[in-house]
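Before any comments, here is the structure.
Note that these values count all heavy atoms, side chains included, but never hydrogens, waters or copies made by symmetry. In this text the structure is predicted, and so the values were computed from the model without any measurement.
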Amino acid sequence: MSTRNTPRTRSGNAQAPGLAALAGLIADETRAAFLLALFDGRAWTAGELARYAGVAASTASEHLGKLVAGGLLAEERQGRHRYVRLADARVAQLVEDLAAYIAPPGNERPRGLRESSAGSAMARGRTCYDHLAGRLGIAVTDALTGLQLLRRDTGFALTDDGLAWFDEQGIPLVRTGRRPLARACLDWTERRPHLAGVAGAALCRHALDAGWCVHIGSERAVKVTDKGERAFAELLGIEPATLH
């Protein structure tokens, strides 16, 4: 049987069909909306995602089936409810990197006070999958760099002092799989890189668990508490005014 018309022969590269299939999974506005919604690191039900994207439940179910089958989402069932989440940190990194290419609209005004307030909160501080972003994420990254806990000359890397700092704060750096210890993630509001990877996730988790930051609203926005202002000032030398 001739294989002259198979994708591998046409492209000359065995990876091309898989890459095209992956791009096709993301190249749908509804599925893209689902991926961005799940970027908060939580598991969502199909109904919640349907309402978020403004589509019928049957449409959402069809799209979610494709994302699960394609390995971008993981599915969990609890009783009658079906929950989905991003499959792993590698998928989150893929979405992060793709989203960073899209500059936020600069000539569109918020439709109202609520939208303006939500946008300001997201720009001030938010979670980017499982690490800190916005002005808060940049301030933390700059402070770690200034204290020589983080190197940025050849990509992001924790120094020996940086590893010791995480240990002193009781922030475990659990390395599993292929996720890097430290990675730069381009911040879509600040247009500068913030700390991601195992260290970024561990620091974000500790900040939330210790009450340094709290989630606000239903989006990914976070706010630094009074306790957090004191902690960031004492441990990293970040001025409280920087966090507002």
Sequence neighbours left out, cut at 3.5 Å: what donor-acceptor pairs do the side chains of residues 236-244 make with other protein atoms?
unit_1: Thr242; atom_1: OG1; unit_2: Glu239; atom_2: O; d: 3.2
unit_1: His244; atom_1: NE2; unit_2: Glu229; atom_2: OE2; d: 2.6

Trp44 and its ring pair (Phe, Tyr, Trp, His ring centres under 6.0 Å) partner, picked from Tyr52, Tyr83, Phe39: Tyr52

Would you mind writing out the side-chain donor-acceptor pairs for residues 194-201 within the sub-3.5 Å range, not counting sequence neighbours?
unit_1: His194; atom_1: ND1; unit_2: Asp187; atom_2: OD2; d: 2.9
unit_1: His194; atom_1: NE2; unit_2: His131; atom_2: NE2; d: 3.2

Should the heavy atoms of other residues, nucleotides or ligands under 6.0 Å from CG of Asp209 be counted, would the total exceed 12? yes

Hey, does the side chain of Arg230 reach the backbone of Trp212 with a donor-acceptor pair shorter than 3.5 angstrom? no

Give a yes or no on whether the backbone of Gly137 and the side-chain of Thr141 come within a donor-acceptor separation of less than 3.5 Å. yes

Measure from the side-chain N and O atoms of Thr45 to the backbone N and O of Arg82, and report whether any donor-acceptor pair falls under 3.5 Å. no

Test of understanding: with salt bridge (Lys or Arg N to Asp or Glu O under 4.0 Å), list the residues that count as partners of Glu29, not counting sequence neighbours. none

So Leu158 and Leu173, side-chain contact (heavy atoms from CB on, under 4.5 Å) or not? Walk me through it. CA-CA 11 Å; Leu158 292 181; Leu173 299 175; 3.8 Å; yes

Quick one: list whatever passes salt bridge (Lys or Arg N to Asp or Glu O under 4.0 Å) with Arg178, sequence neighbours left out. none

Test item: Thr127 side-chain N/O and Asp130 main-chain N/O as donor-acceptor pair under 3.5 Å: no

Does some side-chain heavy atom of Leu22 sit less than 4.5 Å from a side-chain heavy atom of Leu72? yes

Check Asp88 with Arg179, please: is the shortest side-chain N to carboxylate O separation under 4.0 Å? no

When you look at Leu136 and Phe232, which way does the side-chain contact (heavy atoms from CB on, under 4.5 Å) test go after all the steps? CA-CA 10 Å; Leu136 171 60; Phe232 284 126; 4.1 Å; yes

If I compare all heavy atoms of Leu147 with all of Leu235, which pair ends up nearest, and what's the gap? CD1-O, 3.9 Å

Considering only heavy atoms from C-beta outward, does the side chain of Asp28 approach that of Lys66 to under 4.5 Å? no

Where the side chain of Lys223 meets the backbone of Arg124, is there a donor-acceptor pair that is under 3.5 Å apart? no

Looking at residues at least two apart in the chain, or sitting in another chain, which of them share a ring pair (Phe, Tyr, Trp, His ring centres under 6.0 Å) with Phe156? none

For Leu64 and Leu49: C-alpha separation, side-chain torsions, deciding distance, then whether side-chain contact (heavy atoms from CB on, under 4.5 Å) applies. CA-CA 9 Å; Leu64 290 174; Leu49 287 169; 3.8 Å; yes

Partners passing side chain to side chain contact (heavy atoms under 4.5 Å, CB included) against Ala53 (at least two apart in sequence or in another chain): Thr30, Ala33, Phe34, Val55

Are Leu19 and Leu35 linked, directly or through other ILVMFWY residues, by side chains that come within less than 4.5 angstrom of each other? no

Shared ILVMFWY cluster between Leu181 and Leu203, side chains joined below 4.5 angstrom? yes

Separation between CG of Leu150 and CG of Leu144, rounded to the nearest 0.5 Å: 6.0 Å

Short side-chain to backbone donor-acceptor contact, Arg31 and Ile26, under 3.5 Å: no

Mind checking whether Tyr129 and Leu208 sit in one hydrophobic cluster, side chains of I, L, V, M, F, W, Y counted as touching below 4.5 Å? no

For Gly71 and Val91, which heavy atoms make the closest approach, and how far apart are they? O-CG2, 4.1 Å

Do Leu163 and Trp165 sit in the same hydrophobic cluster, where Ile, Leu, Val, Met, Phe, Trp and Tyr count as joined when their side-chain heavy atoms come under 4.5 Å apart? yes

Closest heavy-atom pair and its distance - Val222, Cys213: CB-CB, 4.5 Å

In this structure, CD1 of Ile138 is separated from CZ of Arg192 (nearest 0.5 Å) by 5.0 Å

Linked, directly or transitively: Leu186 and Leu132 (ILVMFWY side chains, under 4.5 Å): no

Distance in Å, Gln148 CD paired with Thr159 OG1, rounded so as to fall on 0.5 Å steps: 7.5 Å

